[in-house]
Amino acid sequence: MISLTFTEVTSMVFELRLKKLINIFQVSNKQLANAVNVDPSLVSRWKNGQRYPSEKYNQIKDIAAYFTSLKGDDFQQQQLYEIISNQKLITPHFSDPVDLLTSYLSERRSPMYKQNTLSNEDLSANKALLSEKNKNNELQHTLQRPRFPLFSDTKRNYHVFNGNAGKRKAALVFLQRALDLPPTDIYLFSDEKLSWWFEDAIFQMQWNSYLRLIVLKKHRIHIVHHVQREQNQFSTYIQNYLPLHFLGQVISYYIPKYIALPIKETKFIIKNELSYVSRSTMLTPKENVAFIYEDKETVQLEESLFLGGLIYAKQLLVSYSRQDILKLLQKMIESTQLDFDTKNYHEKLNSLFLPESVFERFSKVLPQQSASVYLRLIKQLKSLQFQQFAEIEYIDIFPIDIINDIAHQHPYTHYDSTYFINEQITISQEELLETLKTMLFALIRFKNLKFALLRRNDIKSELTVNVLQREMQQIFFSANQQTQSLHIGLFSNESNLLYSYQTIIQNALVEIPTIYKEKDHVIQLFKDTIKKLEH
């Protein structure tokens, strides 16, 4: 007969848990012995269940402190985290990891083990039998453990918003909160259906107005666009964001290899402050719910998940700041050298037809070294584009109102952020006359060059920015009205964005009356305007 006492069973619990930690971190007897200042032979006896650590010298706590101090790999840290987390449920009055691991290593079994005896000649067989018997004892012991209530410090506040109207209200709460805060990071993503967003025009105005104020307040906005949306929705959606890029720190991304996941989600996050979350498969009305969380842990979790998703994201738009004007001109030169048919959709006259004197006058606001490079790039770009007029189809789309204003001798001020940053350029009558003559000359000489004239009201309703698109290859955007912008141009080659603007421009061309696209009529219109200016 071999009788196992309470102390012996406690030692068995310790040896098994010590071995588990040693196996997780792959430490030697000598390493552990040095860490807790004992002889390696004592560590060996601990592992074999022959000795139990001294309670007088707090040796178990020294062992716990050693393992919690190890900087293992992700797997090892995860294993240790699970041990400590489970122990927290058993001993909720402890919070320090060292105390929790000490409790885990020194946990004592019920005194009923004192009464348990096993009869077997072989000690290993006795241990195996005891282990099997202890499974039932462990189950009973587990079931007898006290239930753990939710403590006050684990409760979280959240707000529920139902239906499309509720989602719009939650979105406005989100934007209003952002506007109240000092500059911070804001994260936006949605691949859910946007019926809640599109069905209310007043809400769209509120959304756009708040976002503009948020950007002007210098918040940093990070957006992951769902570019595979239905084309009309994506066009409307993206045009709300494009003007924001000129105002401040807005970065747009997209996922290049998109997988249609069954669960869609929307995430709007204000760093460390608030998160708006909704998820759906769009199968039942019960899913049409949004939540706003204010507890820091949840907000930081959503932020971490958002940033993790950026691993596979690409930048949708490359932004050029005011200081990047030379880089932007160089990029446009590289683009012009490619034989892509081009459509230029803008609110003012095409800057490439302006005389050299206009660019020379503007160059004086630049540093001297930059001014000379600027003029050289402008000359190169204009020369390349005129050469390309003979090789590619180039459709220049702009408001007929400009020609009518010029004909009635109204003063003409020119704005084009690509070439003149944020400056309004006043064009003299002589320069204006030279511009019109250059446009007329090019229109007559190059059969591939066409002007399409539309009303200014139409261009403002159709387009929020100027667009220069070279087939389905490249696209440039510039601001079409003067703003205190940080950026002067945007560039993209993302196919969904290119397709959307190709459709927008094609629809605009269809709406233009035929007479304002006929070359002979447009030529005569320019001739008449030039005559009026000359007299």
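Not measured: the values here are computed from a predicted model.
- The ring of F526 has its center closer than 6.0 angstrom to the ring center of F451.
- The 12-atom threshold is exceeded at NZ of K519, counting heavy atoms of other residues, nucleotides or ligands nearer than 6.0 Å.
- Interatomic distance, L525 CG to L453 CG, rounded to the nearest 0.5 Å: 6.5 Å.
- Remark: side-chain polar atoms of R212 are not paired, donor with acceptor, to backbone N or O of W207 under 3.5 angstrom.
- Side-chain rings of Y345 and F398 stay apart, their centers remaining 6.0 Å or farther from each other.
- Note: F353 and F386 have perpendicular aromatic rings, judged against thresholds of 30 and 60 degrees for the angle between ring planes.
- R470 and S335 form a side-chain donor-acceptor contact under 3.5 Å, judged by distance and modelled atom types alone.
- In summary, K296 and E303 do not engage in a salt bridge, as defined by a charged side-chain N under 4.0 Å from a carboxylate O.
- To the nearest 0.5 angstrom, E265 atom CD is 8.0 Å from L305 atom CG.
- The ring of H159 has its center no closer than 6.0 angstrom to the ring center of F291.
- Using a distance-only test at 3.5 Å, with no hydrogens or angles considered, no donor-acceptor pair links the side chain of K169 to the main chain of N164.
- Judged by the 6.0 Å and 45° rule, K331 forms a cation-pi pair with F491.
- For the residue pair H487/D324, the side-chain donor-acceptor check at 3.5 Å is not satisfied.
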Step-by-step side chain to side chain contact (heavy atoms under 4.5 Å, CB included) determination, Q76 to Q79
CA-CA 5 Å; Q76 292 167 333; Q79 292 291 303; 5.7 Å; no
Steps toward side chain to side chain donor-acceptor pair (under 3.5 Å) verdict (Q176, Y210):
CA-CA 7 Å; Q176 289 165 350; Y210 274 122; 3.1 Å; yes
Please determine whether salt bridge (charged side-chain N to carboxylate O under 4.0 Å, His left out) holds for the pair E518 and K450, giving the CA-CA distance in whole Å, both sets of side-chain angles, and the decisive distance to 0.1 Å.
CA-CA 8 Å; E518 289 182 353; K450 301 174 184 177; over 6 Å; no
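- Checking S252 against Q315 by side-chain atom types alone, no donor-acceptor pair falls below 3.5 Å.
- In this model, a donor atom of one side chain and an acceptor atom of the other lie less than 3.5 Å apart for S357 and E431.
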In sequence, state the C-alpha distance, the side-chain angles, and the governing distance for L181 and I270, and then conclude on side chain to side chain contact (heavy atoms under 4.5 Å, CB included).
CA-CA 9 Å; L181 295 171; I270 305 172; 3.6 Å; yes
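- The six-membered or imidazole ring of F477 lies away from that of F246, with a centre-to-centre distance of 6.0 Å or more.
- Tested against I269, the residues Y276, F189, F306 include a single side chain to side chain contact (heavy atoms under 4.5 Å, CB included) partner, F306.
- Residues Y394 and D341 fail the side-chain proximity criterion, which asks for heavy atoms closer than 4.5 Å.
- Atom CG of residue L454 and atom CD1 of residue I512 lie 4.5 Å apart, to the nearest 0.5 angstrom.
- With rounding to the nearest 0.5 Å, the separation of CD1 in I421 from OH in Y415 is 10.0 Å.
- Contact between A178 and I186 at its shortest, heavy atoms only, is CB-CD1, 3.7 Å.
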Where do R168 and E199 land on the salt bridge (charged side-chain N to carboxylate O under 4.0 Å, His left out) test, with the steps shown first?
CA-CA 10 Å; R168 290 191 290 272; E199 70 183 15; 2.8 Å; yes
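- Ring centroids of H222 and Y187 are separated by less than 6.0 Å, placing the two rings close together.
- By the 30° and 60° cut-offs, the orientation of the rings of F389 relative to F446 is tilted.
- Checking E347 against N466 by side-chain atom types alone, no donor-acceptor pair falls below 3.5 Å.
- Taking the charged nitrogens against the carboxylate oxygens, K437 and E430 have no contact shorter than 4.0 Å, which rules out a salt bridge.
- S370 places no side-chain N or O within donor-acceptor distance of the main-chain N or O of L366, the cut-off being under 3.5 Å.
- Ion pair E192/K264 not flagged as a salt bridge, since none of the NZ, NE, NH1 or NH2 atoms sits closer than 4.0 Å to an Asp/Glu carboxylate oxygen.
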Is there a ring pair (Phe, Tyr, Trp, His ring centres under 6.0 Å) between H521 and Y516 once you walk through the steps?
CA-CA 7 Å; H521 178 78; Y516 292 122; 5.7 Å; yes
Verify side chain to side chain donor-acceptor pair (under 3.5 Å) between H225 and N496, making sure each step is shown before the conclusion.
CA-CA 11 Å; H225 296 282; N496 293 280; over 6 Å; no
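- Side-chain contact check for N288 and N162: no donor-acceptor pair (N or O, by modelled atom type) lies under 3.5 Å.
- Between the side chains of E287 and T281, at least one donor N or O sits under 3.5 Å from an acceptor N or O.
- Under 4.0 Å is where a charged nitrogen must lie from a carboxylate oxygen, and between K348 and D416 no such pair does.
- With no hydrogens or angles considered, no side-chain donor-acceptor pair links E494 and Y254 at under 3.5 Å.
- The CD atom of Q388 lies 7.0 Å from the OG1 atom of T336; values are rounded to the nearest 0.5 Å.
- Using modelled atom types, one side-chain atom of Y412 and one backbone atom of L349 make a donor-acceptor pair closer than 3.5 Å.
- A donor and an acceptor atom, one from each side chain of T184 and H219, are nowhere located under 3.5 Å apart.
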Are Y241 and V250 close enough, and set up right, to give a side chain to side chain contact (heavy atoms under 4.5 Å, CB included), and what steps lead you there?
CA-CA 9 Å; Y241 286 101; V250 181; 5.6 Å; no
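- Separating the OG atom in S500 from the CD1 atom in I504 is a distance of 6.5 Å, to the nearest 0.5 Å.
- Of the possible donor and acceptor atoms, one in the side chain of Q469 sits under 3.5 Å from a partner among the backbone N and O of L498.
- A distance-only check finds no donor-acceptor pair linking the side chain of T413 to the backbone of Q424 [under 3.5 Å].
- Relative ring orientation between F268 and W196 is described as tilted, the plane-to-plane angle lying within the 30° to 60° band.
- With E294 contributing its side chain and V299 its backbone, the two residues share no donor-acceptor pair below 3.5 Å.
- No donor-acceptor distance shorter than 3.5 angstrom exists from the side chain of Q300 to the backbone of K271, with no hydrogens or angles considered.
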Evaluate I397 against N344 for side chain to side chain contact (heavy atoms under 4.5 Å, CB included), listing each step before the verdict.
CA-CA 6 Å; I397 310 166; N344 196 349; over 6 Å; no
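- A side chain to side chain contact (heavy atoms under 4.5 Å, CB included) with I221 holds for exactly one of I214, I251, D185; it is I214.
- For the pair I292 and A170, the tightest heavy-atom approach, listed with the atom from each and the gap, is CD1-O, 3.5 Å.
- Under a cut-off of 6.0 angstrom, the local environment of CD in Q368 is sparse, with at most 12 non-hydrogen atoms contributed by other residues, nucleotides or ligands.
- Between E471 and K343 there is no salt bridge, since none of the side-chain N atoms of the basic residue sits less than 4.0 Å from a carboxylate O of the acidic one.
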